[in-house]
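What follows is a single structure, written as structure tokens, with notes after it.
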Protein chains: 2
Amino acid sequence: MLQKRIDDQPSISREMVREAQDILHRHLKRVGLKQTAQRDTILRSFLETRDHLSTDELHRLVQKKDPSIGYTTVYRTLKLLAECGLASEVAFHDGIARYEHQYNRRSHHHMVCTECGGSVEFFSPEVSELEAEIGRRYHYETTRHTFQIYGVCEDCRKKNSARPA
Amino acid sequence: MLQKRIDDQPSISREMVREAQDILHRHLKRVGLKQTAQRDTILRSFLETRDHLSTDELHRLVQKKDPSIGYTTVYRTLKLLAECGLASEVAFHDGIARYEHQYNRRSHHHMVCTECGGSVEFFSPEVSELEAEIGRRYHYETTRHTFQIYGVCEDCRKKNSARPA
DNA sequence: TTGAAACTGAATTTCATTTTCAATATCCGC
DNA sequence: GCGGATATTGAAAATGAAATTCAGTTTCAA
């Protein structure tokens with residue numbers, strides 16, 4: 001899936017990688033889990049992207065660094081990253097779980113093109129206010145929300161009008 | 001999954017059932033499909049609820065009227081109902097597709113309890129305005145959006161504090 | 001160093017969804 | 001009302017993503 005971004009160069013500095021690794025290691029220690037080379041490799045691969053990665057896509061990236069790392073480990077490590085706040089799951093409605101960086105990132109939402117799968121991020125504090133307000137009104141202790149907009153991007157509309165169905 | 005509503009009495013009048021059936025029948029004719037007793041039965045069962053039904057749940061309701069109707073037919077009919085605007089899919093992100101009435105219903109959103117699965121509906125025109133605004137800003141032709149709030153409802157919080165983990 | 005505990009990854013299982021296919025029902029023109 | 005072409009039905013099988021299992025491997029605290 002495409003996203004309108006230049007994703008080839010690492011999006012994050014060496015120090016940030018170290019810091020993220022520390023967060024992961026502390027989390028592992030806290031919950032009595034172990035630090036492994038695989039988990040570090042997977043974290044580094046993850047940090048080097050800015051896409052919304054599926055387990056499968058991240059697995060492919062990880063394999064470039066270490067072909068012996070299996071899909072299952074990537075799958076489990078993504079859950080770990082989500083647990084310690086380094087990643088967060090983002091569900092577009094195509095039935096595939098995706099993850100994105102959460103580290104040092106202000107809350108945002110996505111608008112997804114249903115033709116090409118591309119997406120743009122946008123920021124909208126009103127949505128969080130709405131979450132709080134609705135929670136108060138119905139006595140829910142809210143934890144999170146999802147908000148996605150679906151549509152067709154400009155490029156796809158141009159393609160469609162050039163070659164209509 | 002529970003919803004805080006009295007759902008035993010039909011939520012929709014006889015005339016509305018007829019009207020919905022007409023909509024379905026017209027749709028079938030339009031796309032060259034056939035009117036069948038099963039489809040009518042499934043539509044009626046669907047209209048008699050106000051829950052957010054999974055295919056499986058609707059299948060169970062349908063079987064009370066006609067035990068010979070299979071899961072597959074319910075599944076396919078729900079897609080048909082969605083096609084002709086009588087139902088719409090609503091994803092609570094628990095891996096199960098749900099459908100709700102769309103007929104004569106103003107746009108609304110859901111807040112879902114992650115403990116008991118219960119939900120409340122709320123109305124918030126700001127969200128649609130936001131959809132339009134963000135669409136304009138990034139030159140997307142928007143078609144729809146999803147917005148859900150997740151949290152823990154009052155009842156589940158009481159239960160939790162009575163019997164803490 | 002050592003051993004208990006956790007990890008790994010291939011394979012398997014799970015589970016909702018989707019497709020297949022042979023038997024059946026619908027409905028269009030007569 | 002009567003074919004018969006065409007769609008429908010529902011059981012069963014297939015699919016595909018997610019989750020779990022298990023035997024062998026690695027980590028790390030003492």
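In what follows, every chain begins at residue 1, and chains take the letters A, B, ... in the order their sequences are listed.
B:E89 places its CD atom 12 Å from the C1' atom of C:dA16, with the value rounded to the nearest Å. When rounded to the nearest whole Å, the span between CD1 of B:I42 and C1' of D:dT8 equals 11 Å. The nearest whole Å value for the distance from the NE2 atom in B:H59 to the C1' atom in C:dT18 is 16 Å. Rounded to a whole Å, the OH atom of A:Y75 is 12 Å from the C1' atom of C:dT13. Regarding A:L78, its CG atom lies at a distance of 15 Å from the P atom of D:dA17, rounded to whole Å. In this structure, the CG atom of B:L80 is 13 Å from the C1' atom of D:dT9, given to the nearest Å. We find that CG of B:L24 is positioned 15 Å from C1' of D:dA7, with the value rounded to whole Å. Atom CZ of B:R76 is separated from atom C1' of D:dA12 by 12 Å (rounded to the nearest Å).
For the 3.5 Å distance criterion, the side chains of A:E100 and A:H52 qualify, holding a donor opposite an acceptor. The closest side-chain donor-acceptor pair between A:E89 and B:H93, if any, does not fall under 3.5 angstrom.
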Any protein N or O atoms within reach of nucleotides 23-27 of chain D? Criterion: under 3.5 Å, listing atom names and distances.
{"unit_1": "D:dT27", "atom_1": "O3'", "unit_2": "A:Q35", "atom_2": "O", "d": "3.3"}
{"unit_1": "D:dT27", "atom_1": "O2", "unit_2": "A:K34", "atom_2": "NZ", "d": "3.1"}

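Looking at every heavy atom in both residues, A:R157 comes nearest to A:V152 through NH1-O, 2.9 Å.
At least one side-chain nitrogen or oxygen of A:R39 sits closer than 4.0 Å to the OP1 or OP2 atom of C:dC7. An OP1 or OP2 oxygen of C:dT18 is reached within less than 4.0 angstrom by a side-chain nitrogen or oxygen of B:K79. The side chain of A:T73 places an N or O atom within less than 4.0 Å of a non-bridging phosphate oxygen (OP1 or OP2) of C:dG9. Side-chain N/O atoms of A:Y71 include none lying less than 4.0 angstrom from OP1 or OP2 on D:dA17.
Direction change of the helix axis from one end of the helix from C:dT1-D:dA30 to C:dC30-D:dG1 to the other is 30°, with five pairs defining each end axis (rounded to 10°).
With sequence neighbours left out, B:F46 forms a ring pair (Phe, Tyr, Trp, His ring centres under 6.0 Å) with B:H101. Residues that satisfy the side chain to side chain donor-acceptor pair (under 3.5 Å) test with A:Q35, not counting sequence neighbours, are absent from this structure. Residues meeting the side chain to side chain donor-acceptor pair (under 3.5 Å) test with B:R30, sequence neighbours left out: B:H27.
Here CG of B:L43 is found 6.0 Å from CG of B:L86. Values are rounded to the nearest 0.5 Å.
In this structure, B:S54 reaches neither bases nor backbone, as no heavy-atom distance under 4.0 Å exists between it and the strands shown.
With the nearest nucleotide of DNA chain D identified for both B:T72 and B:L33, B:L33 has the one nearer the 5' end.
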Between A:D56 and A:I96, does a side chain to side chain contact (heavy atoms under 4.5 Å, CB included) hold up when you go through it step by step? CA-CA 10 Å; A:D56 195 62; A:I96 297 173; over 6 Å; no
Please tabulate, for the side chains in residues 65-75 of chain A, all donor-acceptor contacts under 3.5 angstrom to protein atoms that are two or more places apart in sequence or on a different chain.
{"unit_1": "A:K65", "atom_1": "NZ", "unit_2": "A:E48", "atom_2": "OE1", "d": "3.0"}
{"unit_1": "A:K65", "atom_1": "NZ", "unit_2": "A:E48", "atom_2": "OE2", "d": "3.2"}
{"unit_1": "A:D66", "atom_1": "OD1", "unit_2": "A:S68", "atom_2": "N", "d": "2.9"}
{"unit_1": "A:D66", "atom_1": "OD1", "unit_2": "A:S68", "atom_2": "OG", "d": "2.7"}

